[in-house]
Every structure is written in structure tokens, then in C-alpha cells.
Amino acid sequence: MKGLYQDLIIDHGTKPRRKGIIENPSAKERGHNPLCGDQIEVFLEIDPDGVVKRIRFEGEGCAISIASASLMAEAVEGRPAEEVQALFENVHGMLSGKGHDDLGKLEALSGISQYPMRVKCATLSWHTLMAALKKMGPVSTEGV
Amino acid sequence: MKGLYQDLIIDHGTKPRRKGIIENPSAKERGHNPLCGDQIEVFLEIDPDGVVKRIRFEGEGCAISIASASLMAEAVEGRPAEEVQALFENVHGMLSGKGHDDLGKLEALSGISQYPMRVKCATLSWHTLMAALKKMGPVSTEGV
Amino acid sequence: MNFQNDFPVYKTYPNLAYLDSAASSQKPSCVIDAMTQMYQSQYANVHRGLYQLSEQATIAYEAARQTVAKFLGALEDQLVFTPGTTASINLVAQAFLLPRLKAGDEILVSRMEHHANIVPWYRLCEQTGAKLIVIECDELGQLDLQAYAKALESHRVKMVALVHVSNVLGTINPIASCISLAKARGVPILVDGAQATAHMPVNVAQLGVDFYVTSAHKMYGPTGIGALYIAKDHFEDMMVYQTGGNMILEVDFDKVTYMSGPPKFEAGTPHIVGAIGFAKACDYLSSIGWNQIMAHEQALLAYLNHALASFSDIKVVGKAASKIGVVSFVMDRVHPHDIASILDHHQVCIRAGHHCAMPLVRYFGYPALSRISLGLNNVQKDIDQLITALDQVRKIFA
Amino acid sequence: MNFQNDFPVYKTYPNLAYLDSAASSQKPSCVIDAMTQMYQSQYANVHRGLYQLSEQATIAYEAARQTVAKFLGALEDQLVFTPGTTASINLVAQAFLLPRLKAGDEILVSRMEHHANIVPWYRLCEQTGAKLIVIECDELGQLDLQAYAKALESHRVKMVALVHVSNVLGTINPIASCISLAKARGVPILVDGAQATAHMPVNVAQLGVDFYVTSAHKMYGPTGIGALYIAKDHFEDMMVYQTGGNMILEVDFDKVTYMSGPPKFEAGTPHIVGAIGFAKACDYLSSIGWNQIMAHEQALLAYLNHALASFSDIKVVGKAASKIGVVSFVMDRVHPHDIASILDHHQVCIRAGHHCAMPLVRYFGYPALSRISLGLNNVQKDIDQLITALDQVRKIFA
Ligand SMILES: Cc1ncc(COP(=O)(O)O)c(C=O)c1O
Ligand SMILES: Cc1ncc(COP(=O)(O)O)c(C=O)c1O
């Protein structure tokens, strides 16, 4: 089970960090994978410099999808929005089995690339996050 | 080539007997196998006792279908209509590989049962003949 | 009884516990060999060849039709080869029902249907303004027969489409009664037998059903082929569906005439080798016999139910009195996808998800279910292995 | 060049002269083995399995799609697996053209079409009141390109459906020009490549065609599977066709949403093993390479034409400048069915009949034609054997 269910995944999958909601968020977005039934909602508080000051999520899904959301939230909080874009692409590269830079803790997700059916579980939260950022318009990534 | 193209088949296929038409026939009928393109027309002169006094045919098709029509015409001429029915069933049995009584010359057709695609070539003239007889109604086979 | 030696997959994976036959079954050597041989030394196109190789292929193809027909209690001129259950249902919806359906008409389906027996009818409703009427099931997963009889009283019902055996619950529906009730009202009925025909005898003639459909790949047969039984009197009053070669009598640009019987619905070059494999799969089942097959699978089902009963955190969904070896369940705190993935690590193959039956799974209140399904290839050891692996799941998520 | 060793049929019939590849080709060992292996040790259903066997089957199935797509110059998200050419054309007719067709609209087809590329359009015309417009060919069997360009000038033309290579005449149509002409008028065009894809390179992207269809079984691949290329921009504006599992996003009894891209048109369990075999057949052709394939077949064609030219009682039908190895002929005084049957006695397999192209065969004034068709598996000896057998035919009917 090394590949898929590393301790870190189980840990975050069963005890997710940054779960919850943000009242009056700068942006929020829902994600849904109808084929799995996974649901997620991402809340963002972005400061005027375009930095993700706080991120929270609510959702239901398998351990992979919850762990991915939890690890994502941890990795993203405190980062400027434009870095988040780069991070997303990096994570996406890792999950689709392509090359990627060092991703620290997020590398716990790397084994998933062997399981195409599960890749969507892991990317749902990321796609939802990106959609939330996009909603804020180019402004957010240009650091107004 | 024993099975399919016995000398008798080639003989009747290339030099068919009783080819031609009957003016004012007691019955006539067209047969057509669209999948092969084979066409045939059968003409009958039936006497008041229900005996096939004369039979002629016109048609185009492969050697098997022409030979079958020619051998049929030979076998049928002079026979009472009800015997023709029995003969048809006997020939049908032979062509479909089932049991059959001695059929004399018509047995030259027996090899065809091994070639399902060709069975239709051989039966076209027979089906056409039966349709012609049927047209005359039950009368013809009850020997009025 | 142990049939594992019939299945070559165990040579490569001796410790495989394949518990996903309901999705698609493993293949016995006899079926694989028949197809390999056909491709190696008996292959030719069918129907129009005037040489022996093609004649023999034609004979083999038509003999396959006869075998499959007989296996289902049909005559060969009532059996159409299709690409599978889904294709068969689409064919019946479009070629049979569409021309006789009007706005306001009703089509009865059950809560238990596979998407294949919902969406084609849903589409028809979109096309015509007809309505889908859903017959519910109880909490055990049994069809509400009274509601069914009641629904049939509406003179607007133009078709019934019912699953024989549920692919999620394992429920064997009282299909004979359902058919009689429909026939009594003069309503045509299609039965989806995808999950039935590998596990119990089916005789379409005795049932008196109008349409019966199944797929070879769930019957130890090949992919890409299925059977559509059409009651004799319906062939004539159906429109053509897919058109092209092999199903025509004559073609001109301004006039086309069609063949009758099964060829009418088999346009194009058929899945010749698939038919050979399908027939061989039927022969394989026949050679073992229903008594043995059912005894084998029911014994395993009892063993499985007994084993699962000892898990207080596992809840089985679908407890009909009459079931085949399909058991869906949920486990506290662990998502079905995680269960399936961890089981896989222990070489236990089960399925998790909505099983192409979203309305049913949703009805029981879950986003997804884990499903164990049994076949001839299974042995008790598979279930022991499953139980050990489930223990591991619990430990990981403790 | 001799590829006979690749084909196991010659182990059983060392003296077989198989000259019916246009109906369906023999299969090389690599294709058969790939499928046998899949069934023996790599088999599972695809798309929804959460265990390795199924993940790997899914990866193999999607890799097969990629291989076939690449072979045809397409991207994998433009390639739909269907049961074959006939099914593909029916799909395009019903899911693409039907919704945009009105009474009086025109569909262009050619005199040379196979029934598969006539009857589905004819049916559409029946359904909508549209008209089939036929582009004729000359006595050599070449498309009348001027008439085609002229017909396209009508603003009522809503679709062109054209055969790439004639299965009766061997004619290679100037498909690139036909496509440009259609595109210039904004008319969508489907090309029937059933007889092309095993014999010459096809690049659908370069051609800029809207729809391109072919069958694996004529490409040294398995039965029951074919490819439908759909230009990217058309996926969205097509209706669904067959519906059921695997092509939906969500199903409820009152609302269904569908997937996009190829899955939209692949309802039900796909012909998984067929896809594997299809891809292997493409790999087989690629490994030999078009230069060799075309050189081999053109050399045999030249040899065949030369040999037939010495028979004064044989007339070849179809003498286009640009041809593949398909030669139809008539022989004085002997019906094509008799020729085929007698040739068979000499282990020479040819086809005789209307070749699913009645309007074309009728146009040349014959009820039936004999057809020789060449493939990679053929060698000169096959043609020598054919010629000897034709001599026998003449003797028998002398
Ligand atoms: C030119 C052409 N189009 C279409 C078809 C139909 O292909 P299939 O029978 O595989 O559907 C064929 C072969 O039969 C053909 O030669
Ligand atoms: C009950 C039921 N109906 C229909 C189907 C669809 O069968 P196929 O995918 O072979 O078309 C399945 C299996 O997927 C099934 O279990």
C-alpha cells in the first residue's frame, strides 16, 4: 500500500487540516465529481497583495480526495496567487506521471499517478481552488 | 469438383432442357433471388386431371440454378401436381442435407447441401414452380 | 467444486481473488481457445462467400446463433447478435417503441435499473413527450409488485422495461409474474438479463417475454457481443435500426428493401469471432449445468454473508429473499473507493461506486457502494482473503 | 517480400490462395496473440475498476485508442470506437445530420458507394424528406469530379458521404480534392475508409475531413470493432446516439447529463479486447511501413493485371489510373458464382456477387461480378494458382 495510502494520506484523509468555512470569503467555489460522488467546497480569503491569507474547505469523498484537499490547503495558505498557479501545474504534472519539481509533503500524492481512476479524486480540490481563483479575475493573480 | 459440378450439372447448366415459354399457360410465375441476381420464370400447362402436361422456363443465373431448373422441368413433366409437391419436399430434404428418397437424376444436385450459399440457387426454380401451382389454387392439386 | 483450473488468469495470478464478475467475468480456456482457433485457421467473412472457408465460417456463425438461442430457450430466428445489452436496449427503444409512442404515454421501469435500461427510455421520452414511471423497491431491495400491478392499470403504459437481476443488490426479480401481468394488460415487456444469464436458467419462450437482452462478457464470453431475443411476432412490426450491408434485399438510390428476421437488425460485418466465443461460453455453462452452478454460487454466497455478518461496522445493502451472488455494502468511516483500493493491494478485486445505477444507490442514501460479486471461478479462499483484507482496511483507518 | 509467415492460416492451409481481403483480411499472429493474452491474463472491465487489473485494462484500452488515432493522423480525443464502419456511418447520420436536415435538403453520395454508405442516408431521406444526389463515375470507374463540384454548388447540400477506395473497382478517389471542395462550400463530409486504411497512409488531420470511418477486420484486426474519427469541433454539436452506462455524467429519472468527447458515443461495456487487437493491427502495419506495403501490393496488382490481360474471355471492370489491389471481372459464358465455386476447389478464395454495391454493379450492366482482392498476405504464387484455376473453369464450361 506504499504507493497510494502512505501514512500522511491516511493522516490527512481521516483528520483533515483547515476543514471548515470562511464567512464572507474573497472567493468560494464548489467542485463535484459526479462519477465518484465526491463533493468539495473551497473558501478563500485573499489579501490586497493577492496572497492567499486563509483557505478552508468542506467536502465529502474518499481518503485520497480529502487528504489531497487538506495537503493543498496547507501548501497554499500564505502563498501569492500566482505561485498557486505554478504549484497547481507542478502537482498536475506529478499526478499525471509527468516530470515535476520537488513538492515537499505533497509528494505523498505521487503514487496516485499509477491509478488513473484515482487521479480525479486527488485533483478535484485543486481544480476547485483554481476555479475559485479564476472567479476573482486576472486581478487576483496580478497581485492588486 | 465432384460435389458441386458433376457432369450432369454442367450439361444441364450450359444446355438447359425445356427452356422457353408457353403461350397461354395454365399458370406462370416469376422467381427472383435479389442477393444473387438470379431470375427465373416458370410456365405450366396443366391438363384437366391436374397433370403437368408441359413445363418451360426462362431465366438467368449460375449453372447450378439453370441446371436445377432444367432437371426439375424434366422430372416434373407428365406428373400429377400432388406428386410434384412430394417431389419438392424430397428435393428440399436433399438440398438441406436431411434424409431423402431416391431421386434419380436429381441426385446430381445432392452435393449442393454442403454449400449453404448455393442452396438458394438450386431451390429458386422449385420455389417458383410451387408458387405457380399454388396460384392455381387447391383445385390443381386435387386433380379436377 | 472448484472451477479455477478452467480460468487461465490464475496461472498468472495464483492468488487473485476476483470478485467482480458482475462487471465482467474472467474467461475460461475453452472460450479463449475457440476464438484463437477461429482466427488462426477458420477465419473468413460470412454470408456471401462462395468458398469453403467462408461457407464454414457462415455455418459456424449460424450455429453459434443456434447455440445461444437454445441456451436462452429461443429459436434461432428470434435471436439477434448485437454489440451488447446496451446496444440491444437502444435498438428496441428506437426500432420498436419510438414509432408507437405519443406524448403522455408511459414507460414503466424500476428503481433498480442499470443506466442501460434507463437512459434509452429517458431519451425516448425526450423525443416524444412520454413519461418514465418508476416502480420503487423496499428497503430489502425487493420490487414493489403491488405498485407495479397498479401502475399497469394505466392505459397509457406502452412498455415495461425491467431488470431480471439487479447488478447492485443481487435481487432476482419475480420476472415471470411481471411478464404475466404485463401480458395480461397487453403491454410489451423487455427484460434486461445482463446479470441473470450466467447464474440461472432462463427460458424466454416459457416466460413469454417480448424482448430479452444480455451480454456475452458477463457470461464468461468475449467482449463486443450480446444477444437480443425478439418474440417472433415483433420482427415484422419493428422498423429497421442500423442499416447497411447484409440486412438488405435490394438497394437502389430510390428504393431499398430489407431482409426479415435477425438479419434485419445485423447491419454490416458481424462480430463473427465474438459469436463463436459467445456460443462456446454457453456450451461451457451448459456442460457444468445449472444445478452445479447454482449450488456452487449459493454456497459461496451463504459463506460470504456469514463472514460479513461478523463485522459490526459493515452494512449489507440489498437483502432480498431471492438473490444471486452479488453483495453490496458500506463500512463505517471508510469510503468505498478506499476499500477497493486497499483490497486490491491484497489481490482482492471488488468494485466501488455507483455501479451504473445512480438512482438506486442514491435511493439507499449513499454516494457509492462497495460490491462483491461471485462467479464460477470463485472458491472459499477468495472470501477468506477478502475478509482478511477488510480487517486490514479497518486497521489502516482505525 | 513475403509476409505469409505472419499469418497462421497458412499453417493449416499451406496452399491457400486467399484473395478476398477486401471482404475481410486474415489475421497475423501478433494480433491474435495480443487478444489471447489479454483474455488469458490481463482481462477486466474498464473505466470504473479500482483494482490494478482493471486499471491496467483501462490504460491498455485508452492506449489502443491512442494508437489507432495516431495511425489515422487523429488525436485520441477525436477517435470513437464503434462496432465497425456500418455502425459509424449510422451514428453520424443520426447523431450529426438528422437534427440539421430538412425536406428538400440534399446529401451527396457517389455511384461507387457500399450499401453501408447509402442506406443510412437513404433512411435519413425517408425520415426528413431530404434527397440523395448521386455523383456518377465514368466507364473506367473514376469519380466525375466536375459533376461533384457542380452538385456542391447547390446551397441545399447538407452533407457529402464519399467512399475513399471502392471495394468493387479498387479506385482510389481524389479524396483530398473532394474534401477541399466540400469545405470550400462549408459542407460537412464523411469519408468511408473501409477499403483504404489497410493499403495506404491516411491522415485525417491533413485531409481536414469531418468524419472518417473504418473497420478493424479489413485491416488485419479483429471483428466487432471499428473507428470513427470526428473532427474536434463536431463533438459538441452532435446529439447522443446510443445511451446507457459509461457515457453519462449523472442519471436521474428526470435528468440525465452526458460525458463529452469519445465516451459520449461509447455507451455500454466497450469491445475492450477488440480495441487491443485493433491497435496491434495498426502496429503491425506501421512496423512494415507504407512504402513496403504499397510496393508489395502494387507489384502483385501489376502481375495480376498482366496475367488477366492474356485471357480474351475475361473483362476487368474498373480501370482507374489510381487503384489498390482490387480487381473485379466477368468471364464470357460463366456466371461469377460458378467461377468462385470452381476456384474454391483449387483453394483459390475470391468473392462473387454484388459486393454490397448493387447500384454500382448494376450500372456496369452485370447481375454480379467476380472480385480478386490482394493483401499483405499474398504472394505471386497465389496469382499463378488463380490463373491455373481460371483455366480449369474455362475447360469445364468449354
Ligand atoms: C467501402 C466499404 N464501406 C463499408 C463497408 C462496411 O464495413 P463493415 O461491414 O465492417 O461495417 C465495407 C465492407 O464491407 C466496404 O468495403
Ligand atoms: C443489469 C445490467 N444491465 C445492463 C448492463 C449493460 O451491459 P453492457 O455494458 O454489456 O452493455 C449491465 C452491465 O454493465 C448490467 O449489469
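Proteins come first, then strands; the chains are lettered A, B, ... in the order of their sequence lines, and each starts at number 1.
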Using non-hydrogen atoms only, which part of [X] is less than 4.5 Å away from chain C: side chain, backbone, both, or neither?
{"X": "A87(D)", "answer": "both"}
{"X": "E250(D)", "answer": "both"}
{"X": "Y122(D)", "answer": "side chain"}
{"X": "P270(D)", "answer": "backbone"}
{"X": "Y10(D)", "answer": "neither"}
{"X": "V134(D)", "answer": "side chain"}
{"X": "D254(D)", "answer": "backbone"}
{"X": "F7(D)", "answer": "neither"}
{"X": "R111(D)", "answer": "both"}
{"X": "I350(D)", "answer": "backbone"}
{"X": "V361(D)", "answer": "neither"}
{"X": "V240(D)", "answer": "both"}

Mark yes or no for whether N90(C), through its side chain, and Q242(D), through its backbone, hold a donor-acceptor pair below 3.5 Å.
no
Non-hydrogen atoms of chain D under 4.5 Å away: do they reach the side chain of [X], the backbone, both or neither?
{"X": "Y13(C)", "value": "side chain"}
{"X": "T243(C)", "value": "both"}
{"X": "I272(C)", "value": "both"}

With a 4.5 Å cut-off on heavy-atom pairs, point out which of [options] contacts chain D the most.
{"options": "L16(C), L132(C), D20(C)", "answer": "D20(C)"}
{"options": "G84(C), P222(C), S54(C), A44(C)", "answer": "P222(C)"}
{"options": "Q52(C), M239(C), Q42(C)", "answer": "Q52(C)"}

Report yes if some heavy atom in the side chain of [X] is under 4.5 Å from a heavy atom in the side chain of [Y]; otherwise report no.
{"X": "Y51(C)", "Y": "V348(D)", "result": "no"}
{"X": "T86(C)", "Y": "M247(D)", "result": "no"}
{"X": "I248(D)", "Y": "M358(C)", "result": "yes"}
{"X": "N45(C)", "Y": "H217(D)", "result": "yes"}

Just so I understand: if I count every heavy-atom pair under 4.5 Å between each of V273(D), N117(D), V256(D) and chain C, which residue has the most?
V256(D)
Greatest number of heavy atom pairs closer than 4.5 Å to chain C - which of A116(D), C349(D), A23(D)
C349(D)
Side chains of S24(D) and Y43(C): donor-acceptor distance under 3.5 Å anywhere?
yes
Please report the interatomic distance SG(C356(D)) to NE2(H47(C)), rounded to the nearest 0.5 Å.
10.5 Å
Here the pair of heavy atoms bringing S41(C) nearest to V9(D) is CA-CG2, 4.3 Å
Measure the acute angle between the ring planes of H271(D) and H271(C), then classify it against the limits of 30° and 60° as parallel, tilted or perpendicular.
tilted
